[in-house]
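Right, one structure below, let's go through it.
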Amino acid sequence: MNYRIPRGTQDILPEQSRKWQFIEQKIHDLCNRYNYKEIRTPVFEQTELFARGVGDTTDIVQKEMYTFDDRGGRSLTLRPEGTASTVRSFVENKMHGWADQPVKLYYVGPMFRYERPQSGRMRQFVQFGVEAMGSADPAVDAEVIGLSMDFYRELGLSNLKLVVNSLGDKESRNNHRNALIEHFEPRISEFCADCQQRLEKNPLRILDCKQDNDHELMATAPSILDYLNEDSTDYFKLVQQYLADMDIRFEVDPTLVRGLDYYNNTAFEIMIDGEGFGAITTLCGGGRYNGLVEDIGGPTTPGIGFALSIERLLMALEVQEISLPIEEGLDAYLVTMGEQAKAVSPKLLHGLRSKGLAVDGDYIGKKMKAQMKAADRQKAEFVLLLGDDELAEDNIMVKEMATGEQKQVPLKEIAEWIISQR
RNA sequence: GCGGUUGUGGCGAAGUGGUUAACGCACCGGAUUGUGAUUCCGGCACUCGUGGGUUCAAUUCCCAUCAGCCGCCCCA
């Protein structure tokens, strides 16, 4: 019986994990500049939190949650996204009372959705997300969008398309909702089963349906932009103005509807063009959720955020052939010959490492030639050769791999010598 | 949940109803008793995802199952 990795998950092996570390570091640096602070919440929560927070008309809640009962009979769910958890923590820790508002948080961590795996879609995947709670200033919307665009830009991605829309405030949404129902209801039987469900629960999402995309009623459906009240219109205009001021290019797409129920006013997505993506074109999605904190039991608090997938980012980097500036290789590799030299290698390696050098040596009894090959493979800058001859004079032979030059250095000075060469 | 496609050594990849499963790369050893290239020589799959069936005989045919990849739905 062989064990296998669970479906839709992956091991991230060293070659890849270096990229992950680089990207995670970039996230921390970027968020620090924008003054967003990291929050770490559990990977599971009460099931009810997601049902209420994400919205029970969503696919996520209806068919994609990893839900289980613990031994105490509590229903728990592996988090399918990060916003609900963050908002729960905001409420539970009374962050609305913190001195600095809005509260600006970010997170990086695994999310879980039970889906058929395919390109750009895993059952466990990692999201980087940002949430700003406590301000209804359109400048925050622009800041959050700007942060996400900066992230991709600083990693070197191009051909990104930022799409924004406004779903309006409660009043605008309601008016639009009624208009949509009025528009589709007489002929709803011509639509797919999903859309017939959507008519009552969330008619907005009919516009998002790929199956019925070509139906004539789609093209003539009332646009949300025509139903925005004055507040929502002004708000959306300001967001656009700020984006333009920041030299961030975007398109307004009135059919952009985010799949989660909690969004209102600003919604946005970052898409990528080009071959190699199959069905996946959305790298990042986000929007404003002014009612969510209240829904989850907190005081009325506006909020906005986004989430993006590191896996999809890596795909994008791959497709655009962008190599991250990753440092690799050892400062030195110790090659020993003979029992005596082998015997002093633990002490020697430990001493070098204690002084901050990245060094390694042989542990499987390789012949000298094989040790040299290993040093070469592992991109050691120097090889330290230690045999009976050197040991007899308390020296060590050091060879610079790039030039082939070598010289003897007193054994007890070798660490300083290498450091002086860096 | 639905559909397509694939599943042979660490990786890539041939192959056939029948005594020993090509080849390439990588790796290990030797030629070269203390030096990373190249070359040459040698080594490296009781086994062809798993289970069952057909057959005198199956990696090769059939069924099931699992998994990967891709698409639909939906999303990050």
Side-chain angles (χ1 to χ4, degrees), chain A residues 1-10 13 15 54 57-64 79-83 108-129 148 192-195 197-198 205 208-213 257-260 269-272 276-287 305-316 333-338 341 364-391 396-406:
Chain A
M1 181 60 185
N2 286 319
Y3 295 107
R4 279 201 285 201
I5 193 169
R7 181 155 212 210
T9 64
Q10 62 175 342
L13 304 180
E15 194 181 338
V54 178
T57 69
T58 61
D59 279 20
I60 289 177
V61 171
Q62 283 183 349
K63 57 182 194 188
E64 295 172 1
R79 61 181 181 190
E81 55 101 59
T83 302
V108 187
M111 306 296 163
F112 307 84
R113 294 182 197 174
Y114 190 88
E115 296 186 272
R116 276 292 281 276
Q118 67 182 69
S119 179
R121 178 191 294 153
M122 306 286 290
R123 289 185 174 182
Q124 175 176 337
F125 58 101
V126 175
Q127 281 190 337
F128 158 43
S148 65
C192 71
D194 285 342
C195 281
Q197 295 276 321
R198 288 170 182 143
R205 296 193 55 220
D208 211 22
C209 182
K210 302 288 189 297
Q211 262 177 286
D212 295 322
N213 208 11
V257 174
R258 303 285 311 148
L260 284 58
E269 267 184 27
I270 298 170
M271 332 255 270
I272 186 154
F277 277 98
I280 300 300
T281 51
T282 300
L283 290 183
C284 172
F306 69 73
L308 62 86
S309 140
I310 308 295
E311 286 83 356
R312 288 188 185 176
L313 166 63
L314 286 165
M315 283 177 71
Y333 189 96
L334 176 63
V335 172
T336 62
M337 285 153 293
I364 57 171
K366 277 193 168 90
K367 298 289 170 49
M368 181 197 182
K369 188 184 179 75
Q371 292 185 55
M372 290 299 296
K373 289 183 77 162
D376 193 34
R377 263 202 309 273
Q378 297 188 42
K379 299 184 172 61
E381 191 176 357
F382 296 102
V383 158
L384 309 178
L385 283 136
L386 193 61
D388 292 342
D389 297 351
E390 290 77 15
L391 222 41
I396 191 163
M397 184 75 82
V398 52
K399 173 171 184 169
E400 183 174 7
M401 294 297 267
T403 62
E405 289 172 20
Q406 59 183 48

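Scope of the values below: all heavy atoms of this structure, side chains included, with no hydrogens, waters or symmetry mates.
- One finds no side-chain N or O of A:Arg116 lying less than 4.0 angstrom from the OP1 or OP2 phosphate oxygen of B:C69.
- Judged by Watson-Crick or G-U wobble contacts below 3.5 Å, the nucleotide B:U47 has no partner.
- Residue side chain A:Lys399 reaches the base of B:G36 through a donor-acceptor N/O pair under 3.5 Å, judged by distance alone.
- Remark: B:C28 base-pairs with B:G42. Criterion, Watson-Crick or G-U wobble with two distances under 3.5 Å.
- Along RNA chain B, the nucleotide nearest to A:Thr403 and the one nearest to A:Arg113 differ in position, and the one closer to the 5' end is contacted by A:Thr403.
- Between A:Met337 and A:Gly365, the one whose closest nucleotide on RNA chain B sits nearer the 5' end is A:Gly365.
- Base pairing of B:A21 is not made with any nucleotide, judged by Watson-Crick or G-U wobble geometry with both donor-acceptor distances under 3.5 Å.
- Pair assignment for B:G1 gives B:C72, based on Watson-Crick or G-U wobble hydrogen-bonding distances that are each under 3.5 Å.
- Remark: A:Lys366 is not in phosphate contact with B:G29, judged by side-chain N or O atoms under 4.0 Å from OP1 or OP2.
- Taking the side chain of A:Asp59 as heavy atoms from C-beta on, and the options B:A37, B:C74, B:G68, the nearest nucleotide is B:C74.
- A donor-acceptor contact under 3.5 Å links the side chain of A:Arg121 to the base of B:C74.
- For the P atoms, the distance from B:U16 to B:A57 is 22 Å, rounded to whole Å.
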Fill in: Trace of the side chain to side chain donor-acceptor pair (under 3.5 Å) decision for A:Gln124 with A:Thr9
CA-CA 5 Å; A:Gln124 175 176 337; A:Thr9 64; over 6 Å; no
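- Nucleotide B:A67 forms a pair with B:U6, judged by Watson-Crick or G-U wobble geometry with both contacts under 3.5 Å.
- Interface remark: the A:Gln406 side chain does form a donor-acceptor pair with the B:U35 base, using a distance-only criterion of under 3.5 Å.
- Side-chain atoms of A:Arg312 lie closest to B:A76 of the nucleotides B:G34, B:C70, B:A76.
- Figure legend. B:U33 is base-paired to no nucleotide; pairs are counted as Watson-Crick or G-U wobble with both atom distances under 3.5 Å.
- Under the side chain to side chain donor-acceptor pair (under 3.5 Å) criterion, A:Thr336 pairs with no residue at all, not counting sequence neighbours.
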